[in-house]
Amino acid sequence: MLKHKEVRVRFAPSPTGYLHVGGARTALFNWLFARHHNGRFILRIEDTDFTRSSEEMVEGILEGMRWLGLDWDEGPYFQSQRIERYREFADKLLQGGSAYRCFCRVENNSAGGLGHPCRSLTPAESAARANSGEAFAVRFKVPGDKTTFQDHVFGSIEVDNSVLEDFVLLRSDGIPTYHLGVVVDDVDMGITHVIRGADHISNTPKQILLYLAAGCPTPEFAHLPLILGPDKQRLSKRHGATSVMAYAEAGYLPDAFFNFLALLGWSPGDDREMLTREELIRLFSLEGVGKADAVFGLDKLDWFNSQYLRNASPEVLRRIAMEELQAEGIMPFSPGRIDAALALLKSRIRKVKDFSTVFRAFFADDYPYDEAAAARFLKEPALRNLIPELLSRYRQDAAFALESTEETLRRFAEDKGVKAGLLINALRVALTGQGVAPGLFEIMQVLGREKTLSRIERLAEYLQDQ
RNA sequence: GUCCCCAUCGUCUAGCUGGCCCAGGACACCGCGCUUUCAAUGCGGCAACACGGGUUCGAAUCCCGUUGGGGACGCCA
């Protein structure tokens, strides 16, 4: 129905906290919708609650959006800079008779509803009291009827206006409330589709009433089901990381997080899950949004992350790994060797954070033997004599090629009548400190002859001390 | 308390214009294969239409109720 008109959507967070998962999902869906329709994605900061808003939070929100790659076409606009405009709007409503002054004290504003005492003040009395300097708030005069609207996700929603009560538009300090702010801004900014969390469903009738009273066309509405924690309760700090930047720090890739988030509450309609941004943009539609709240589960996010990590280009992977290693104070002794190590470790990594633990032995000599690994693979008494012998055989292998290192070990095992696995597992602990690692002989290649030999030597010494 | 909304495997979901569904995919989990540990990978398995009434030849799909869950009721957003 709005084919000829440019689609304009907005993400309007209030800077009273960091960008959390729910907010990020809302921003993401708005972004996808805008990109899909070649429309505009506008960022607006709803900072009319001066006591709880902060510049730091604004920066945090922008940081989160940049991390996710959600670029905006306009803004950020700040409501705090448009106060005059809201007053003007409220004043117009006041003049037109669809709002009235309320002189109640903030503390006892109990009487809401159609029966609010100030509603029956005569225009003359109201104006006189205002002129005498008495403080007042502006309340909207909710008409007695029903308000119905079509939601793109939830369908038809109807409420009896009597449950709405005469809500405040302008506080007695002249600052607009949320309802006034959003409507005025959405009108002024030409917003065509309001896509936001389902927690705003019950606010929508109030806002529609405002559009009507002001004679402005209403935008389309689409409410997104909420994201819940594993306990099905609203996602909160109790559930651990709730800020998207916490996920960035925990080692998730923005693309993986993006893909995962897009599928929370939306589905392309078929079985596809691994989707690029381009595909997501092409496929996205409000029809694919579900109504039921979704639980934010880490298992699948981890899986997505491992997929993206595995599919990342060598350049990207190297950059990510280098950053992580440096952050952990591990300096690769041979940067060129990192690609070889990455090739071996790729499939074993789920989060960027894993790089430092799994990579450590590849680039640092100061690693301990994992206790469990030692208990499992180094307890065989025969190893004490076997390892030094094996070491001397390896010393004779000058080429130290992938095939020869394996052949040397297997032949030695055969000569001694022991299983190759016994030696392989022991050497794995020696070379990596871990009981879990890539194939032993591949590791030897990455480490090189010198490192390998000295580490086997270290194992021999360790076994002597046992 | 009042109002609004939601309800398919443990989780994300497909299905939603009724028969192709004794319900499909993915994650997780459990087996088996491979094997030098762990991954990866291949194969297989476990597992859901909340409940009760209708409507219909036939319902996960439509209607009503119950239960459960969520949201909103601020001079917060």
Side-chain angles (χ1 to χ4, degrees), chain A residues 12-17 46-49 51-53 79 102 104-107 109 112 135-139 151 153-155 157-160 162-165 167-179 181-182 196-206 223 225-226 228 230 232-234 260 263-274 288 290-304 306 310 344-350 358 373 376-377 406 409-410 413 419-429 432 434-443:
Chain A
S14 91
T16 54
E46 310 212 325
D47 57 349
T48 52
D49 184 347
T51 59
R52 295 198 304 148
S53 299
Q79 291 194 323
C102 169
C104 296
R105 314 256 320 228
V106 176
E107 311 83 77
N109 55 358
F136 64 86
V138 175
R139 281 183 188 275
D151 187 279
V153 173
F154 290 94
I157 293 177
E158 177 183 274
V159 296
D160 196 308
S162 64
V163 305
L164 264 26
E165 310 204 330
F167 55 97
V168 171
L169 297 176
L170 214 54
R171 306 182 216 162
S172 48
D173 58 5
I175 303 302
T177 61
Y178 165 69
H179 295 296
V182 244
R196 68 217 320 187
D199 49 339
H200 285 293
I201 287 180
S202 42
N203 288 329
T204 308
K206 294 180 183 174
H223 288 91
L226 266 21
L228 275 22
K232 306 254 187 186
Q233 292 298 301
R234 200 173 191 175
F260 172 69
L263 261 20
L264 260 194
W266 175 81
S267 160
D270 55 34
D271 294 337
R272 283 176 292 179
E273 300 204 289
M274 286 292 295
K291 299 179 184 180
D293 292 342
V295 170
F296 184 80
L298 259 17
D299 280 340
K300 197 147 189 178
L301 172 59
D302 283 350
W303 177 77
F304 267 111
S306 68
R310 195 174 315 151
L344 297 185
L345 293 167
K346 242 166 118 166
S347 70
R348 275 161 258 256
I349 300 286
R350 278 178 95 74
V358 185
R376 184 175 167 199
F377 298 120
E406 176 157 10
L409 185 141
R410 291 197 185 279
K419 291 182 69 176
L422 174 70
L423 301 165
I424 290 172
N425 289 329
L427 290 193
R428 175 176 295 106
V429 178
T432 68
Q434 308 290 314
V436 172
L440 179 69
F441 306 107
E442 281 79 16
I443 294 175

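Letters A, B, ... mirror the listed sequences (proteins, then strands); counts begin at 1.
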Quote, to the nearest angstrom, the [atom1] distance that separates [N] from [M].
| N | M | atom1 | value |
| --- | --- | --- | --- |
| B:rA23 | B:rC16 | C1' | 13 Å |
| B:rA60 | B:rA50 | C1' | 12 Å |
| B:rC62 | B:rG15 | P | 13 Å |
| B:rC49 | B:rG44 | P | 24 Å |
| B:rC9 | B:rU13 | C1' | 10 Å |
| B:rA77 | B:rG18 | P | 46 Å |
| B:rG68 | B:rC29 | C1' | 26 Å |
| B:rA28 | B:rA39 | P | 11 Å |

For [N], give the paired nucleotide (Watson-Crick: N1-N3 plus N6-O4 or O6-N4; G-U: N1-O2 and O6-N3; both under 3.5 Å), or none.
| N | answer |
| --- | --- |
| B:rA14 | none |
| B:rC43 | B:rG31 |
| B:rA50 | B:rU66 |
| B:rG19 | B:rC57 |

Listed nucleotide nearest any side-chain atom of [X], set [options]:
| X | options | value |
| --- | --- | --- |
| A:R348 | B:rU13, B:rU37, B:rA7 | B:rU37 |
| A:R376 | B:rC75, B:rC38, B:rA26 | B:rC38 |
| A:V159 | B:rU37, B:rA77, B:rC3 | B:rC3 |
| A:D199 | B:rA72, B:rA28, B:rC75 | B:rA72 |
| A:D49 | B:rC75, B:rA28, B:rC76 | B:rC76 |

Inset, instruction - Give a yes or no on whether the backbone of A:H223 and the side-chain of A:D151 come within a donor-acceptor separation of less than 3.5 Å. - result: yes
Under 4.5 Å between any side-chain heavy atoms of [X] and [Y], yes or no?
| X | Y | result |
| --- | --- | --- |
| A:R410 | A:I424 | yes |
| A:T204 | A:I157 | no |
| A:P268 | A:L263 | yes |
| A:S14 | A:D49 | no |

Given [N], is OP1 or OP2 found less than 4.0 Å from the side-chain N or O atoms of [X]?
| X | N | answer |
| --- | --- | --- |
| A:R171 | B:rG74 | no |
| A:K291 | B:rC6 | yes |
| A:R350 | B:rA28 | yes |
| A:R272 | B:rG24 | no |
| A:T48 | B:rA77 | yes |
| A:R310 | B:rU41 | yes |

Would you indicate what [X] reaches in the nucleic acid, counting non-hydrogen atoms under 4.0 angstrom: base, sugar-phosphate, or nothing?
| X | value |
| --- | --- |
| A:D270 | nothing |
| A:N203 | base |
| A:G265 | sugar-phosphate |
| A:R410 | base |

Legend entry - 5' priority, RNA chain B, between A:A420 and A:W266 [closest heavy atom]: A:W266
What side-chain donor-acceptor pairs closer than 3.5 Å can you find for residues 171-178 of chain A, not counting sequence neighbours?
{"residue": "A:R171", "atom": "NH2", "partner": "A:T48", "partner atom": "O", "Å": "3.0"}
{"residue": "A:D173", "atom": "OD1", "partner": "A:I175", "partner atom": "N", "Å": "3.0"}
{"residue": "A:T177", "atom": "OG1", "partner": "A:V168", "partner atom": "O", "Å": "2.8"}
{"residue": "A:T177", "atom": "OG1", "partner": "A:L169", "partner atom": "O", "Å": "3.3"}
{"residue": "A:Y178", "atom": "OH", "partner": "A:R196", "partner atom": "NH2", "Å": "3.3"}
{"residue": "A:Y178", "atom": "OH", "partner": "A:H200", "partner atom": "ND1", "Å": "3.0"}

Pick out the pairs of N or O atoms, protein on one side and nucleotides 67-70 of chain B on the other, that lie under 3.5 Å.
{"residue": "B:rG70", "atom": "OP1", "partner": "A:Q233", "partner atom": "OE1", "Å": "3.0"}
{"residue": "B:rG70", "atom": "OP1", "partner": "A:Q233", "partner atom": "NE2", "Å": "2.2"}
{"residue": "B:rG70", "atom": "O2'", "partner": "A:D293", "partner atom": "OD2", "Å": "3.2"}

Legend entry - d(CG, A:D299; C1', B:rU13) in whole Å: 16 Å
Legend entry - Between C1' of B:rC38 and CD1 of A:I349, the distance in whole Å: 12 Å
